[in-house]
Structures are given as C-alpha cells and as structure tokens.
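Input: a single structure, listed below in structure tokens.
Just so it is clear: chains get the letters A, B, ... in the order the sequence lines come, proteins before strands, and each one is counted from 1.
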Amino acid sequence: MDEGQENQAIITKKKPSTHQDISDELDLKIKKYLRGEAASFEDLKDRKLKRQLSVREELYGNAAKAAAKAEKWLMPNEGGYLEAEGIEKTWRIKQEAIAKEVGLVNLRNLYDIVLPDLGPYTLDFTSSGRYMAVGGRKGHLGIVDMINLSLIKELQVGETVRDVVFLHNELFFAAAQKKFVYMYNREGTEIHCLREHGAALKLQFLKNHFLLASVNKFGQLHYQDITMGDMVGNFRTGLGRTNVMEVNPFNAVVGLGHAGGTVTMWKPTSSAPLVKMLCHHGPVSALAFHSNGHLMATAGKDKRIKLWDLRKFEPLQTITGHANTLDFSQKGLLACGSGSFVRVMNDVSGTQNYSNYMNHSMAKGYQIGRLAFRPYEDVLAIGHSMGWSSILIPGAGEPNFDTWVANPFETSKQRREKEVRSLLDKLPAETIMLDPSKIGTVKSTRREKVTKQERETEIEAAVEAAKSTKLKNKTKGRNKPGKKMQKKQDAIARVKRPYLEEKINEEQNISQKKQKTSENVELPKSLQRFARKKSS
Amino acid sequence: MKVKVISRSVDDFTRERSQDLQRVFRNYDPSLRTQEKAVEYVRALNAVKLDKIFARPFIGAMDGHIDGVSCMAKNPTQLKWIFSGAMDGDIRLWDIASRRTVCQFPGHQGAIRGLTVSTDGRMLVSCGTDCTVRLWNASADNLMELSNSTKNSVEPASVHVGKNAYLAVDHQWDSELFATAGAQVDIWNHNRSEPINSFQWGSDSVISVRFNPGEPNLLATSANDRSIMLYDLRMVSPVRKMIMMTKTNSIAWNPMEPINFTAANEDGNCYSYDARKLDEAKCVHRDHVSAVMDIDYSPTGREFVTGSYDRTVRLFYYNSGHSREIYHTKRMQRVFCVKFSGDGSYVISGSDDTNLRLWKAKASEQLGVVLPRERKKHEYHAAIKKRYMHLPEVKRIERHRHLPKPIYKAAALMRAMSDAKKRKEERRKAHSAPGSVTTQPLRRRRIIKEVE
C-alpha cells in the first residue's frame with residue numbers, strides 16, 4: 001500500500017502540472033527546429049510567388065512540430081545529471097562518491113593509465129567518440145577503442161610528437177612530429193610525410209571540408225586538402241609562434257591565440273585574418289569554441305578565463321583562474337585544466353552565466369596537458385604528464401546520437417558508406433565564412449547608400465573576375481601579346497564603367513542639390529542684388 | 001545526491017542476428033549538424049550535375065512509314081497504342097512498347113490530314129486531302145484478333161465523300177459526334193453519311209479543330225485568315241472570333257483547366273488564352289525559332305509539348321514563358337505532330353523524315369520499377385534543386401542545353417532584333433512627353449481584334 005502511494009507520488013512528480021507547460025515546452029523545441037525566423041511576405045507584390053512561399057513556410061512549420069514531438073517522445077536515452085541535495089554543493093562531490101552511485105558499465109570509464117616515461121600526452125577523439133588517438137611527447141602514438149577498451153595499435157616513432165589528430169574517420173590520423181607532419185594508417189603504417197607544414201605545433205581537422213590545418217614553429221598557418229593533397233592556403237600570421245589553435249565547429253573558422261593577447265580567426269581563402277580581437281593582457285594560453293558558434297572561451301596568462309559572445313565580439317563573463325587547456329562539451333559544459341586541477345563549469349539553465357559544477361584534482365606531480373570531452377558520453381579524458389585518465393562528468397554528453405551523423409556502433413560497411421557520402425558532400429574551401437547561413441541568400445538590391453568601402457570591394461571583386469576570365473587561344477598569327485593585353489584592359493574598363501557612371505551621376509546630383517540649397521539660402525539685404533534671379 | 005550518467009548497452013544499439021536490418025537512430029537536433037546550408041548547396045550542385053549525366057530522353061524511333069507523318073491520334077482507353085497517318089495515305093497502329101506496327105488501315109488516296117479516336121475507343125475517324133472521311137473499327141478486341149491472324153489490314157466501316165479536302169478532324173467527348181475542318185466546320189454523326197450541321201464564318205479554310213474536354217459542346221477552330229473561332233454546337237452562329245497577326249496551326253485545351261487553351265502559332269510562339277476573355281493572352285510561351293506545327297497537353301494539365309518547323313520538340317510548363325526542355329536529333333526533320341502519352345511520361349513526335357520518335361517527358365527520369373529508397377532520393381534531389389535553383393552556379397548547369405547551330409544562331413538573331421526594337425521603344429518613350437507613347441504588353445500585341 002505504502003509502496004503504491006510512493007509510486008503514485010513519483011509518477012505525479014514526473015508529469016508536468018498543466019497542459020500549458022507541455023505546450024510551452026514543445027514551443028521551445030519547435031523554435032529550435034525552425035532554425036530562425038519565417039520570412040515576411042509583406043513586400044512581395046507577386047501573388048503567385050507569395051502563395052507558393054507561404055505554402056512552403058507552412059510545411060516548414062509542420063516539419064518543426066514533427067521533429068519536436070519526435071524529440072519529446074521517441075528518443076532512446078535521457079541525459080545525465082548531477083543534483084546535490086540539501087546543503088551539499090556539486091563541486092564538492094568527488095569521483096569516488098559518483099563511482100559508488102553509478103553502474104558497472106560506467107565504472108569502466110573511470111580510470112588512470114600511468115605511463116610515466118613517455119612524456120605528456122595529447123589526445124583526440126573521432127566524432128563518434130568511439131576511438132581515441134593518443135600521442136606521448138617522447139614519440140608514443142596509439143589508437144584505443146573506447147567501447148571495448150582495447151588498444152588497436154601503438155607505435156613508437158622515435159622523435160618528438162607534439163600533437164595528434166584523427167582525420168575523417170578512425171582509419172587515418174596525423175601526428176605533428178619533430179620536423180614534419182606525418183599521416184598514419186590504422187595499422188600504424190606511415191602513409192604520407194607532409195613536408196610543407198614544417199615543424200607543426202598544433203593540428204586541427206575541418207571535418208566537412210577535409211582540410212588539415214596546422215600552425216607551426218614560425219607562426220605559419222597551413223591548410224591542406226587531404227583528399228587530393230593540394231595545399232589550399234598557407235599564411236604567415238605575422239604574430240609569432242603560438243600553439244593555441246582551435247576550430248569553431250559552427251563555421252569551420254580556425255581561431256589562433258597569440259602571445260600578445262590577441263585572438264585571430266582565419267579562413268583558407270584570405271591571407272588576412274577575418275577577425276582580430278584583443279582578449280587578454282598577457283599571452284593567450286587556451287581557446288575553446290562552443291558548438292552553437294556564439295560562445296568562445298579564452299584563457300590567458302593574466303589569470304583570467306573570459307567568455308565571449310562571437311556575434312557582438314563582447315565579453316560575457318570573466319572568471320579568475322588559470323587554464324592551460326579548455327574544452328566545451330556537447331551540452332555546453334566548460335572544462336578548464338591547469339596544473340593538476342580540472343575545473344568543470346556549467347551554465348545554469350542556458351543563461352550563459354557559467355559557475356562551478358565539478359572539480360577534480362589529480363595527484364600532485366601530474367601536469368595536465370590536454371582536456372577532451374568524449375562525444376556522446378559523460379566522460380572527460382585528461383592527457384597529462386604521466387599518461388592519461390578518464391573521469392565521469394554527468395550531463396556532459398549528448399545522450400542520443402544520430403546514425404547518419406556519427407554512430408559509435410558503426411560497422412565497417414556503414415563506415416565505408418559514410419566515407420563515400422561525406423566525400424560527395426565535401427564542402428569547397430570557399431564556403432568557410434563567419435556566418436554560414438549566408439549561403440543561398442540573395443544579395444538585396446541596393447536601396448540605401450553603399451559605403452565607399454563596400455563599393456571599392458565590389459569594384460575590386462568585379463575587376464578580379466574580369467582579370468581571371470580566360471581569353472581564347474587564337475592561331476594563325478592573331479595571338480599577339482599586345483592585342484591580348486589590350487583586350488584585357490578593355491574588359492577591365494568595361495567592368496569599371498557602370499561604377500564610374502554612377503559616380504558621375506552622384507556628383508551631378510550633389511551639385512544640383514547644392515545649387516538648389518544655395519538658392520534657398522536667405523541672403524542679407526545688401527547682397528540680394530547679386531543673387532541669381534529666377535527667370536520669370 | 002542524485003546522479004545519472006549516460007550508459008548505453010551495446011545490445012540495444014546493434015542488431016541481434018546478421019539477418020536483421022541494422023538499427024538506425026535519429027536525432028534531428030540542428031546543433032549536431034553544422035553548416036547545413038553549405039552541405040545542401042553542394043548536394044544541389046551534385047544533383048543538378050547528375051541530372052545532366054542521366055539525361056537520355058530519346059528512347060527509340062518507330063520506323064515503317066514511307067512518307068512524312070502528318071498526324072497522330074491517341075486511343076483514350078489504351079495506353080500502349082498510337083495511331084499515325086502519313087502523307088501518302090497510310091494509317092498505322094503502333095505498339096509503343098515494342099515500337100512495331102500492329103496493323104495498317106489502307107484506303108486513303110492522298111495525304112491524311114486528321115486522325116481521331118472516339119472516347120470509348122471503338123471508332124477511328126480519319127480524313128484527308130482526297131475529300132473523304134473514313135470510319136474504322138478500332139476497338140481493342142477486334143484489333144487483337146486481327147493481329148493474331150495473318151491478315152494485317154482492316155477494312156473501313158464506312159467512307160463518306162465530300163466536296164473539298166478535309167484539313168482536320170476531332171471527336172466530341174463522350175458522344176457519337178465528330179467535327180471536320182476544311183472549307184467550313186462540319187459536324188457529323190457516326191451513323192449518318194452527311195454532316196448534320198455546318199458552321200462557317202468568313203471565306204477562308206479552317207485548318208484545325210478541337211473539342212473542349214470539360215464542356216463537350218464547345219469547340220475551338222483556327223482558320224487561314226489568322227483567326228481563332230469558338231463555336232457552341234447548341235447555337236446556330238459561332239460564339240467568338242479573335243484575329244491575330246499570324247495564323248494558328250493547332251490548338252490544345254488544358255485537360256485539367258478546360259477553360260484555358262493554348263494556340264500554337266506560325267510566328268514561333270504559343271499563346272495561352274482563357275476562353276472567356278480572348279482580348280489578352282494569359283501567357284506567351286516563346287522559345288521556338290520557327291512556326292509551331294502542333295501542340296498537346298499532358299494529362300496532368302501542368303505541361304505541354306510542342307513540335308515546330310525548326311526540327312525541335314520543346315516541353316513547356318503550362319504557366320511559364322520559356323521552355324523547360326528541348327529535344328532534337330540530327331535525323332529528325334520538320335516535326336509535324338506531337339502527342340503526350342496517356343500516362344504523361346512519354347512524348348511521341350512525328351516528323352517529315354517518316355519516323356515517329358518516342359521520348360521521355362522527363363529526360364533524366366529513371367523508368368521502370370523504382371525502389372522506395374530510390375524514389376526518396378529522387379524526391380530529395382528535386383526538393384534541394386528547387387530550393388537552390390536561383391543561385392548562379394546551379395542555374396547555369398540546369399539551364400545548359402546543347403542547341404543545334406542553326407537554332408542557336410536563329411535564336412541569337414531574334415534576340416538581337418527584339419533587343420534593338422525594345423531599346424528604340426525605350427528611347428522614344430524617354431524623349432517624348434510622358435504618357436504619349438504607350439507600349440502594349442506582348443500578351444495583347446499580337447491580337448488584332450476580337451469579334452462577337
């Protein structure tokens with residue numbers, strides 16, 4: 001009887017109290033799936049188009065509702081959580097306490113691997129979170145299967161390894177070694193030696209574009225397309241040696257943190273950075289991007305950790321503390337590691353106000369090199385000077401994966417299919433931009449005044465296009481170089497002409513306006529005889 | 001303290017036996033997928049390129065006539081057959097799937113100008129320049145018997161002789177009446193040997209006639225004096241007449257919106273009209289460079305096919321000003337008649353080079369049984385192409401068609417001429433008092449007047 005009553009109590013607690021709550025919850029979810037505001041058709045004069053577009057908008061609404069309902073009812077797993085009771089605080093809860101409450105399956109993810117001889121370890125996960133690549137400074141490379149906890153392959157390369165990164169799947173990984181960057185197979189065979197990168201300090205892989213980005217000892221940034229091997233871009237940053245490099249997963253822009261406290265953002269098609277922001281008073285020691293693309297965390301040697309809003313480029317929050325390494329989890333938890341201490345911070349209910357969530361301190365001599373959240377799991381992997389460890393952080397990972405995006409339980413057939421499909425969907429390097437939703441939009445017709453700079457960039461772009469058009473290769477003596485040059489110059493002049501005409505028109509308008517205004521000006525009586533009289 | 005950590009057991013996420021299907025789990029959260037729009041754009045580009053790779057519209061030619069094919073007729077009750085008439089009087093019934101002649105209908109002495117089948121599929125009516133109208137028994141069982149027996153030709157059920165050559169024939173929907181066009185429009189009954197009614201307006205010969213599928217008593221005709229006339233069988237005199245600048249070779253009613261019809265004109269354009277309002281065209285379909293000889297609507301009413309004197313067959317959407325597709329072959333000469341197949345997936349063209357050609361209506365369509373996954377993929381491709389159609393790269397690839405050189409040059413010449421005219425008009429407007437020079441839209445420009 002009592003148990004029944006207890007069960008009743010639990011059941012009633014779980015149900016939201018009113019119908020209104022359910023619909024509010026659904027509304028929030030629907031907003032997420034709508035991906036922005038609906039277009040307004042007020043200014044459209046074409047009735048046929050208006051009708052067609054409003055039908056489409058209705059379809060989008062229905063799709064968003066269906067997706068919200070599927071999320072509410074059809075997901076197999078629920079996310080993890082850690083709630084403190086009474087006066088307990090979550091950041092005082094230790095891993096041992098969590099280990100007591102949690103099942104055997106999860107205890108497999110709580111371990112320390114001690115390898116003291118081979119130097120500080122860096123780690124990288126594949127996008128599904130199943131495989132982890134480890135690289136020890138003294139030349140130890142390895143791939144570990146995290147679900148079976150088995151070592152797939154390990155090799156000793158015999159020279160300094162500064163960074164390891166997986167390429168598009170677990171079959172290939174790249175290691176930044178003493179002089180060059182090397183690409184290895186899952187079997188451990190060295191496939192390529194990428195000499196142009198030089199002595200790279202940090203590597204990052206841009207998944208959708210199949211680009212391997214590296215920053216080397218001299219502060220040069222290289223982008224290489226690993227499908228065909230062409231070097232898409234290589235730039236001198238001009239800001240010195242740095243080993244702080246991260247990729248923004250939202251728009252595939254590479255962020256570098258420099259010794260002067262500036263953070264620069266780069267794309268492979270321009271030799272000047274997209275953004276240059278002064279973040280810290282001292283050198284930037286770590287950088288991390290949130291997966292929604294709006295939030296960036298930077299840590300500097302001035303003992304500050306700052307959270308930035310990337311839409312307005314303004315700091316949202318400043319936290320005092322050191323951090324040698326930062327990482328965001330899929331659910332937005334921020335892990336900061338410095339010395340032998342890991343601090344995990346959480347934003348309470350999505351307000352972007354980060355506060356302490358969990359702490360973990362390792363044994364005194366362990367210097368933390370790299371923190372990495374494991375995708376789709378509530379696990380944080382720590383690479384340190386004595387090996388690597390793994391701790392449980394409830395609520396860090398996304399509980400439900402999508403088979404077509406990243407599948408931790410992938411078979412080899414599925415992996416091969418996925419590789420082919422992702423190659424077909426490979427994005428060209430030109431699509432990397434700060435705002436990825438600009439693709440597919442139409443440039444609005446110029447109604448307002450265009451600033452001088454915009455007009456100049458337009459003219460430049462048009463001239464570039466005119467210069468790059470190929471001329472026909474004529475034969476029989478008609479292909480004189482003088483004539484070719486003349487043709488090119490004619491093309492450039494033709495492209496520039498409308499802008500010049502516009503300029504002349506504008507100047508005419510301005511002079512006309514000036515005349516008109518000058519006529520309206522009231523002259524003092526003594527000078528009225530000199531005013532231009534209107535012909536009657 | 002309350003703790004829960006994500007725990008997945010391998011059994012829940014992998015299949016039990018190798019005969020099972022692999023398990024698929026979905027999470028539609030947009031934050032899991034970055035750069036969706038760029039990926040969609042790349043897929044749209046690939047889809048449009050794949051379309052071009054798989055675009056093989058020509059299926060085959062039906063060979064057998066020894067003179068140019070002048071007209072064709074569909075049996076409304078049979079998808080697999082088509083009748084064709086040639087300039088030497090030879091009428092043949094073709095089986096479209098095997099592209100062979102099923103049987104022949106000999107008898108006409110001169111060119112056959114019109115072929116039509118009654119709505120129940122029993123009677124074939126043909127008329128020609130030998131001043132005769134012949135009725136043949138075209139019911140399916142009769143012809144199947146014939147094809148099984150050794151004899152391959154049919155005797156006409158009846159022959160009616162008239163005074164002048166007949167230029168077109170069409171059957172009324174769901175009845176026993178049919179109309180012939182020649183010196184005047186005659187209405188006949190199957191069982192009578194003389195026309196039961198006659199219409200005439202003006203002294204020029206009538207070159208085409210079409211009954212309205214929705215309103216069976218209404219018919220549209222076009223005459224040599226560049227006019228389009230609408231008649232009602234229940235009235236004594238014709239209903240409406242509209243005179244254009246050039247003559248109309250053929251008319252087709254929209255089967256889904258029977259109030260509208262499209263007229264194939266001698267100046268290379270097709271004009272769609274609302275039958276209630278003939279002073280302005282609803283839409284002008286321009287792309288042919290020479291006279292449009294024949295036009296036929298798809299059973300969906302959403303697109304139509306035109307065959308032109310410039311050796312091409314074009315497909316238009318019912319409301320768009322330009323063609324969506326052009327079919328041409330070196331061997332295909334002047335196209336005199338086109339028909340859409342009964343299921344809307346094929347187009348048959350009859351041309352001067354004595355062949356009937358079978359084309360796909362959608363050039364890159366996969367024929368035959370399409371698996372559900374394939375169909376989903378095709379639908380997805382169609383949707384993303386539609387979404388990114390306006391972007392320059394995608395549009396350029398989609399629009400690109402190879403044109404035969406004479407047509408390319410002719411089109412460029414016409415474009416240059418019309419641009420010059422437009423520029424001159426604009427300059428005249430700019431240099432004269434505002435409102436004194438008015439240009440009529442093209443929809444009205446080609447119509448001279450409408451007469452009650």
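- Using modelled atom types, one finds no donor on one side chain facing an acceptor on the other under 3.5 Å when comparing A:Y60 with A:N62.
- For B:R286 (side chain) and B:N269 (main-chain N/O), no donor-acceptor pair under 3.5 Å exists by modelled atom type.
- Between the side chain of B:E374 and the main chain of B:L371, a donor-acceptor pair closer than 3.5 Å is present.
- Side-chain contact of B:Y388 with B:R43: a donor-acceptor pair under 3.5 Å is absent, judged by distance alone.
- For the residue pair B:T262 / B:Y297, a side-chain donor-acceptor distance below 3.5 Å is found, with atom types taken as modelled.
- Of the listed residues A:E101, A:E71, A:R35, the one with more heavy-atom pairs under 4.5 angstrom with chain B than any other is A:R35.
- When only modelled atom types and interatomic distance are considered, B:S272 and B:H285 share a side-chain donor-acceptor pair under 3.5 Å.
- Looking at A:H290, neither its backbone nor its side chain comes within 4.5 Å of chain B, counting heavy atoms on both sides.
- Residue A:A68 does not touch chain B at all, counting heavy-atom pairs closer than 4.5 Å.
- Among A:L392, A:L74, A:L82, the residue making the largest number of heavy-atom pairs under 4.5 Å with chain B is A:L82.
- The candidate from B:S9, B:P30, B:A44 with the greatest count of non-hydrogen atom pairs under 4.5 Å with chain A is B:P30.
- Heavy atoms of A:A97 lying under 4.5 Å from chain B belong to its backbone as well as its side chain.
- Between B:I259 and B:R276 the shortest side-chain heavy-atom distance falls below 4.5 Å.
- Of all the listed residues (A:N251, A:I98, A:L427, A:V105), the one sharing the greatest number of non-hydrogen pairs under 4.5 Å with chain B is A:L427.
- The parts of B:R387 that come within reach of chain A are both its backbone and its side chain, each placing non-hydrogen atoms under 4.5 angstrom from that chain.
- The backbone N or O of B:R15 sits nowhere less than 3.5 Å from a side-chain atom of B:Q22 that would complete a donor-acceptor pair.
- Inspection of the A:S437 and A:D435 side chains reveals an N or O donor paired with an N or O acceptor under 3.5 Å.
- Neither the backbone nor the side chain of A:R108 comes within less than 4.5 Å of any heavy atom of chain B.
- Taking 4.5 Å as the heavy-atom cut-off, the residues of residues 390-405 of chain B that approach chain A are B:H390, B:L391, ordered by number.
- B:Q35 and A:H209 share a donor-acceptor pair across their side chains, judged by distance under 3.5 Å alone.
- Both the backbone and the side chain of B:D29 come within less than 4.5 Å of a heavy atom in chain A.
- In this structure, the portion of B:T14 lying under 4.5 Å from any heavy atom of chain A is its side chain and not its backbone.
- When only modelled atom types and interatomic distance are considered, B:D51 and B:S364 share a side-chain donor-acceptor pair under 3.5 Å.
- Listed options A:T411, A:N106, A:V379 were ranked by heavy-atom pairs under 4.5 angstrom with chain B; first place goes to A:N106.
- Using a 4.5 Å cut-off between heavy atoms, A:I393 does not touch chain B at all.
- Heavy-atom pairs under 4.5 Å with chain A peak, among B:N46, B:D12, B:L45, B:L32, at B:L32.
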Atom pairs and distances, donor-acceptor, side-chain atoms in residues 397-406 of chain A, under 3.5 Å, two or more places apart:
unit_1: A:E398; atom_1: OE2; unit_2: B:N27; atom_2: ND2; d: 3.3
unit_1: A:N400; atom_1: OD1; unit_2: A:N77; atom_2: N; d: 2.9
unit_1: A:N400; atom_1: ND2; unit_2: A:N77; atom_2: O; d: 3.1
unit_1: A:D402; atom_1: OD1; unit_2: A:W404; atom_2: N; d: 3.0
unit_1: A:D402; atom_1: OD1; unit_2: B:R26; atom_2: NH1; d: 2.9
unit_1: A:D402; atom_1: OD2; unit_2: B:R26; atom_2: NH1; d: 2.8
unit_1: A:D402; atom_1: OD2; unit_2: B:N27; atom_2: N; d: 3.3
unit_1: A:D402; atom_1: OD2; unit_2: B:R33; atom_2: NH2; d: 2.3
unit_1: A:T403; atom_1: OG1; unit_2: B:F25; atom_2: N; d: 2.6
unit_1: A:T403; atom_1: OG1; unit_2: B:F25; atom_2: O; d: 3.0

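- For the set A:T431, A:N208, A:V102, the entry with the most heavy-atom pairs within less than 4.5 Å of chain B is A:N208.
- For B:K376, the NZ atom sits in a loose shell: 12 or fewer heavy atoms of surrounding residues, nucleotides or ligands are nearer than 6.0 Å.
- There is a side-chain donor-acceptor pair under 3.5 Å between B:Q366 and B:H378.
- For the set A:K413, A:K426, A:E85, the count of heavy-atom pairs under 4.5 angstrom toward chain B peaks at A:E85.
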